[in-house]
Protein chains: 2
Amino acid sequence: MSGRSSKIAKHASEMTDEKIAQVAARLRILGEPMRLKILRAICQEEKNVQEIVQEVGAGQANVSKHLALMLESGIVERRKEGLNCYYRLEDENVFEICQLAVKSVERTLSGRLRRLRVKARA
Amino acid sequence: MSGRSSKIAKHASEMTDEKIAQVAARLRILGEPMRLKILRAICQEEKNVQEIVQEVGAGQANVSKHLALMLESGIVERRKEGLNCYYRLEDENVFEICQLAVKSVERTLSGRLRRLRVKARA
DNA sequence: CGTTTTAATAACCATTTGGTTATTTAATAA
DNA sequence: TTATTAAATAACCAAATGGTTATTAAAACG
């Protein structure tokens, strides 16, 4: 058994159905364009709801609902100041996950291109 | 501007709405318990549909639909041999994404515990 | 006090999605 | 050929989800 495959085997075996459900829930939260836009807006500096609403181009209620979900799940943090509520990205893992997802998408796209070329050659 | 924040700023600015939609689509595919179970089943060695069906405890049509989706998106690869179709995990990034998601979930859970203790103290 | 502003929440709707059943396609075997 | 088996697909349904509108809660201000 090689190093990599044994590592994968170990991690995979540790993935109980319960853990899988939790991981899926976390990834499903990130699998939504509007939520990613919100995270993009607040990943550098905290912003209040109105600023976020303006930046992502969505309704206030909609943004608040997405923020409530991400706050509940611990992805973002909230700081109240007078009438305003400032949100910031709290979980840095989220940022890394998105970077890996970008790599994954790019990998798929390049793979598609390669296959098209092979097909065209045949 | 510190090293980390500038790095984040750079990556965030490269995240166009188009790219965000692609990343969200990729993460949404992974944000589903049954699909993660299927990936767990085939991440070490390729398996045919029947083996996967038995392992994850779902209907054949359901598993086939999930596999078709992940094949189309380049996450898994297929090899036909006679009547059987063998599937394997093709995108290693997916595995890393899941590992990070586990870390993210664990981080949240420990954070919740800490808050509960703080609340109980008050 | 009442007014205004910000954000959260409730109610509702249209769409999407995961699962099931039934059918079809394709390869193998008799 | 016909029968059998594996996998894909179509059709359908119930549940979940994202977005909108309207309302509520709370803090700041006149």
Side-chain angles (χ1 to χ4, degrees), chain A residues 17 20-42 45-90, chain B residues 17 20-42 45-90:
Chain A
D17 285 8
I20 278 198
Q22 293 174 330
V23 168
R26 176 57 50 107
L27 292 176
R28 186 167 54 246
I29 292 178
L30 299 178
E32 222 289 317
M34 186 54 68
R35 283 194 283 270
L36 289 187
K37 285 185 190 178
I38 291 173
L39 291 178
R40 176 183 58 182
I42 64 176
E45 49 183 355
E46 67 173 13
K47 288 181 182 151
N48 65 34
V49 178
Q50 295 179 97
E51 292 171 322
I52 299 171
V53 164
Q54 191 181 7
E55 187 164 337
V56 304
Q60 177 264 318
N62 193 17
V63 169
S64 280
K65 229 165 58 167
H66 285 306
L67 284 170
L69 178 66
M70 293 193 285
L71 179 65
E72 163 64 27
S73 63
I75 293 176
V76 304
E77 200 49 76
R78 176 173 58 181
R79 181 178 68 86
K80 294 189 178 184
E81 181 183 311
L83 277 180
N84 297 319
C85 280
Y86 289 89
Y87 285 87
R88 67 172 185 279
L89 176 64
E90 177 69 5
Chain B
D17 285 8
I20 277 197
Q22 293 174 330
V23 168
R26 177 57 51 106
L27 292 175
R28 186 167 55 244
I29 291 177
L30 298 178
E32 221 289 318
M34 186 55 68
R35 282 195 282 271
L36 289 187
K37 285 184 189 178
I38 292 173
L39 291 178
R40 176 183 58 182
I42 63 176
E45 48 182 355
E46 66 173 13
K47 287 181 182 149
N48 64 36
V49 177
Q50 296 179 93
E51 292 171 323
I52 300 171
V53 164
Q54 190 181 7
E55 187 164 336
V56 304
Q60 176 264 318
N62 192 17
V63 170
S64 279
K65 229 164 61 167
H66 285 306
L67 285 170
L69 178 66
M70 293 193 283
L71 178 65
E72 163 63 27
S73 64
I75 293 176
V76 304
E77 200 49 76
R78 177 173 57 181
R79 181 178 68 86
K80 293 189 178 181
E81 182 182 313
L83 277 178
N84 297 318
C85 280
Y86 289 89
Y87 285 87
R88 67 173 185 277
L89 176 64
E90 176 69 6

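Just so it is clear, the model here is predicted, and its values are computed rather than measured. Order of the sequence lines sets the chain letters (A, B, ...), proteins ahead of strands, with each chain counted from 1.
- You'll find that the side chain of Asn84(A) is closest to dA7(C), out of dT17(D), dA6(D), dA7(C).
- Atom-to-atom distance recorded for Cys85(A):SG and Ile52(A):CD1 is 10.0 Å, nearest 0.5 angstrom.
- Contact check, Arg28(B) against dT17(C): a side-chain N or O comes under 4.0 Å of OP1 or OP2.
- The residue from Arg78(B), Arg88(B), Arg79(B) that alone fulfils the side chain to side chain donor-acceptor pair (under 3.5 Å) condition with Glu46(B) is Arg79(B).
- Look at NZ on Lys37(B): it is 13 Å from C1' on dG19(C), rounded to the nearest Å.
- Taking only side-chain nitrogens and oxygens, Gln50(A) comes nearer than 4.0 Å to OP1 or OP2 of dA7(C).
- Listed nucleotides: dG19(C), dG18(D), dT9(D). Nearest to the side chain of Ala68(B): dT9(D).
- When each of Gly59(A) and Leu71(B) is assigned the nucleotide of DNA chain D with its nearest heavy atom, Leu71(B) is the one assigned upstream, toward the 5' end.
- With rounding to whole Å, Leu67(B) atom CG is found 14 Å from dG18(C) atom P.
- With Arg28(A) contributing its side chain and Gly31(B) its backbone, the two residues share a donor-acceptor pair below 3.5 Å.
- Residues Ile75(B) and Arg26(B) have side chains in contact (heavy-atom distance under 4.5 Å, counting atoms from C-beta outward).
- Atom CD in Gln60(B) sits about 7 Å away from atom C1' in dA8(D), given to the nearest Å.
- Straight-line distance from the CD atom of Gln54(A) to the P atom of dA7(C): 12 Å, rounded to whole Å.
- For Tyr86(B) and dA6(D), the OH to P distance is 11 Å, given to the nearest whole Å.
- Straight-line distance from the CE atom of Met34(B) to the P atom of dA16(D): 16 Å, rounded to whole Å.
- The side chain of His66(B) lies closest to dG18(C), out of dG18(C), dG18(D), dA7(D).
- The line from CD1 of Ile38(A) to CD of Glu55(A) is 10.5 Å long, rounded to the nearest 0.5 Å.
- Counting non-hydrogen atoms under 4.0 angstrom, Lys65(B) reaches a base of the nucleic acid.
- With a cut-off of 3.5 Å on both Watson-Crick or G-U wobble distances, the partner of dA29(C) is given as dT2(D).
- Among the nucleotides dT21(D), dG19(D), dA7(C), the one closest to the side chain of Ala61(A) is dT21(D).
- Rounding to whole angstrom units, CD1 of residue Ile52(A) and P of dT6(C) are separated by 14 Å.
- Between the CG atom of Leu30(A) and the P atom of dG18(D) there is a distance of 12 Å, rounded to whole Å.
- The side chain of Asn62(A) has dG19(D) as its nearest neighbour among dA8(D), dT17(D), dG19(D).
- Side-chain N/O atoms of Arg78(B) include none lying less than 4.0 angstrom from OP1 or OP2 on dA7(D).
- Closest approach to the Leu83(B) side chain among dA10(C), dG19(C), dA27(C) is made by dA27(C) (side chain taken as heavy atoms from C-beta onward).
- Nucleic acid contact for Glu32(A): sugar-phosphate only, since backbone atoms but no base atoms lie under 4.0 Å from a heavy atom of the residue.
- Within the model, atoms CG of Leu36(B) and CD of Gln22(A) stand 12.0 Å from one another, a figure rounded to the nearest 0.5 Å.
- Among the protein residues, Tyr87(B) comes within range of the sugar-phosphate backbone only, with heavy atoms under 4.0 Å from sugar or phosphate atoms but none that close to a base.
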